[in-house]
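Quick caveat, the model's predicted, so the values are computed rather than measured. First the proteins, then the strands, lettered A, B, ... as listed; each starts at 1.
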Amino acid sequence: MRLSELFFSTLRDDPGEAEMPSHRLLLRAGYLRQLGSGIYSLLPLGKRVSDRVEQVVREEINAIGGQEMEMPVVHPAEVWKESGRYFKIGPELVRFKDRGERDMVLAMTHEEVVALLLRDIVQSYRQLPMIVYHFQTKFRDEPRSRGGLIRVREFVMKDSYSCDLDDAGLDVNYKKHYVAYEKIFKRLGLDAIAVGADVGIMGGTGAHEFMVVNDFGEDTLVLCDSCGYADNQQIAIVGKPEPAAEDALPMEDVETPGATTIDALATFMGIPKSKTAKAAFFMTGDDRFVVAIVRGDYDVNETKLVNTVKARRGLRPATVEEIKARGMEAGYGSPIGARDSVVVVDELVMRSPNLVAGANRLGWHVKNVNVPRDYTPDHVAEITNAREGDPCPTCGAPIKLRQGIEVGNIFKLGTDFTNAFGSMYLGEDGERHPIVMGSYGIGLGRNVACIVEAHHDEKGIAWPDEVAPFAAHLVTIGAARDPKVLETAERLHRLAADAGRDILYDDRDESPGVKFTDAELLGMPWILTVSPRSLAAGGIELTRRATGERSTQPIEAVEGYLRSVFPIPIA
RNA sequence: CGGGGCGUAGCGCAGCCUGGUAGCGCACAUGCUUUGGGAGCAUGAGGCCGUCGGUUCGAAUCCGACCGCCCCGACCA
């Protein structure tokens, strides 16, 4: 491919809207252009990278027996009504009407379609197990896209679906995906770690997310260096110190003007935050009022809280009016005297004697509150966030918190969808059973961005061989001065094509500085330089982009590299 | 949806406070010179100053509404 013909353009200055290195570099190097918030075009270079990522995923999913297919982007809403998700999912599911006034949706994912296909096609246990997958555009009207390709509204995802006779079969296919994902991310040059994850509102019996540690990541990971423990903070349950035993003292009101935060309260009272109780107020999607109580030195974990109160449609912070209406006072709140509320108390609070809690009166708190003596919990559960340095649940060493980007997930769906659609098979026992499903996603664009995050320097991108849009970037210097340069470059370009490789050939009449700078920005794994100087030194100069290592090789040797080292198949 | 910021040429920005019909750098076109690290000179093209409305003799500039984009938060099967 001649650079003079490539549809692209590099930018010398960083686009103003880009913050993450991957976003900046993909824009500057001409891989991407933005069309709207969270909506991007892939230019030819970007498309090539995405295709190569796709091919790696395809090979590994094929290797575990996946059968590739393709399912539609636009679905009749009836399908989503039948599974119930039409009503459970909020505005991120795009709904519209077709010309016949029929309700339609843009697919966010394809469990419904698979369950429907299973109902049509699978009759007998002999047809299972199996895995189907496809690469398809998804649209999710995210409340806020961000970070270039990290969180977008329209994106291509590989989603595979395993279909099994029973949970044991599901475990096998789940494990297969787990192992396939490890291979995929390794081949893509990503250090992904599998963390235990929340199963969300769809139920299911287990889930892992594959995470790449990155400061711009949206998830918080709980990691242990000494034993390898790793969970999403949403579900991580770590050790908590045993509070010192004390006799329960009688409650006592105390005036605390202006102490509306735990910090202010602890400072005012001259006590550690661990001697206070923090109240957080929420409304569930089905209009229940929830008071969550954790100790002042911890934060409420909303995922755990959602799961505890089974808030299928999530939680939102309660308003001051809603709090008042239940007999409580924001900033001075506690369940003492509360009404019409679901009271959820963290288990550590149950063990922590004589805490300072809100008096539900402006400017007042209560000392020596003990549960359940002073109020009655509806639920006692572990509902706090793990903190940096807390003891690891498996080995006790201090845990670390890191931000992470989810590059893939695997999810044991179970039978929710197949029950909803009546996707049954007739078993060996002569009975009808629901098919057991798993679903497994990998977002292509997000992976491309994460690869750049992991493989770049100040000058630009440095693609791993496995995903580079071209194996090499051929630069000519002084072609006008020395016809041998042009001749050699043309020959090399042709040789590469003959060898079944395509390389990017900078045939532009630009200064050496411009060509080198662009080559380093675009990030092909090898930069090949042909110039009077290199010819005098015996051939072509090879530079490894990632390391800067250089050597000069005769053209025949470069042909050898093209055949063996550069692993790019012809487009 | 709450908070903050920004919309002026392909990209990065100035001009706005104090109204007088738009400017700089890069990129682009043509010519000459230059050619191992973002070249030089000359000439040139490119803008409904996000949109609509208002104030004014006159609006990129002042006022209002709306739209769009970015960041933080909420959200994230």
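- Here R12(A) reaches the OP1 or OP2 of rA27(B): one of its side-chain N or O atoms lies under 4.0 Å away.
- When heavy atoms are screened at a 4.0 angstrom cut-off, R153(A) is found touching no nucleic acid atom at all.
- Across all strands shown, nothing is found opposite rU35(B) as a Watson-Crick or G-U wobble partner with both distances under 3.5 Å.
- No N or O donor and acceptor, one from the side chain of R481(A) and one from the base of rG36(B), sit under 3.5 Å apart.
- Judged by distance alone, with hydrogens and angles left aside, D14(A) brings no side-chain donor or acceptor close enough to the base of rG12(B) to form a pair under 3.5 Å.
- Ring orientation note: the planes of Y505(A) and H493(A) are tilted relative to one another, at an angle of 30° to 60°.
- Of the two residues near RNA chain B, Q234(A) and G148(A), the one whose nearest nucleotide lies more 5' is G148(A).
- The base of rG37(B) does not come close enough to the side chain of E510(A) for any donor and acceptor atom to sit less than 3.5 Å apart.
- In the model, Y174(A) has a side-chain atom that pairs as donor or acceptor with a side-chain atom of H208(A) under 3.5 Å.
- Between S531(A) and the phosphate of rG36(B), there is no side-chain N or O to OP1/OP2 separation shorter than 4.0 Å.
- Along RNA chain B, the nucleotide nearest to E541(A) and the one nearest to H23(A) differ in position, and the one closer to the 5' end is contacted by E541(A).
- For rG68(B), the OP1/OP2 oxygens have no side-chain nitrogen or oxygen of Q34(A) closer than 4.0 Å.
- For the pair D13(A) CG and rC13(B) P, the interatomic distance rounds to 8 Å; values are reported in whole Å.
- Below 30°, between 30° and 60°, or above 60°: for F289(A) and F281(A) the angle between ring planes is between 30° and 60°, a tilted geometry.
- The nearest whole Å value for the distance from the CG atom in L535(A) to the P atom in rG36(B) is 14 Å.
- Here the C1' atom of nucleotide rC75(B) and the CG atom of D141(A) are 12 Å apart, to the nearest Å.
- Among the atoms of the strands shown, base atoms are found under 4.0 Å from some heavy atom of T517(A).
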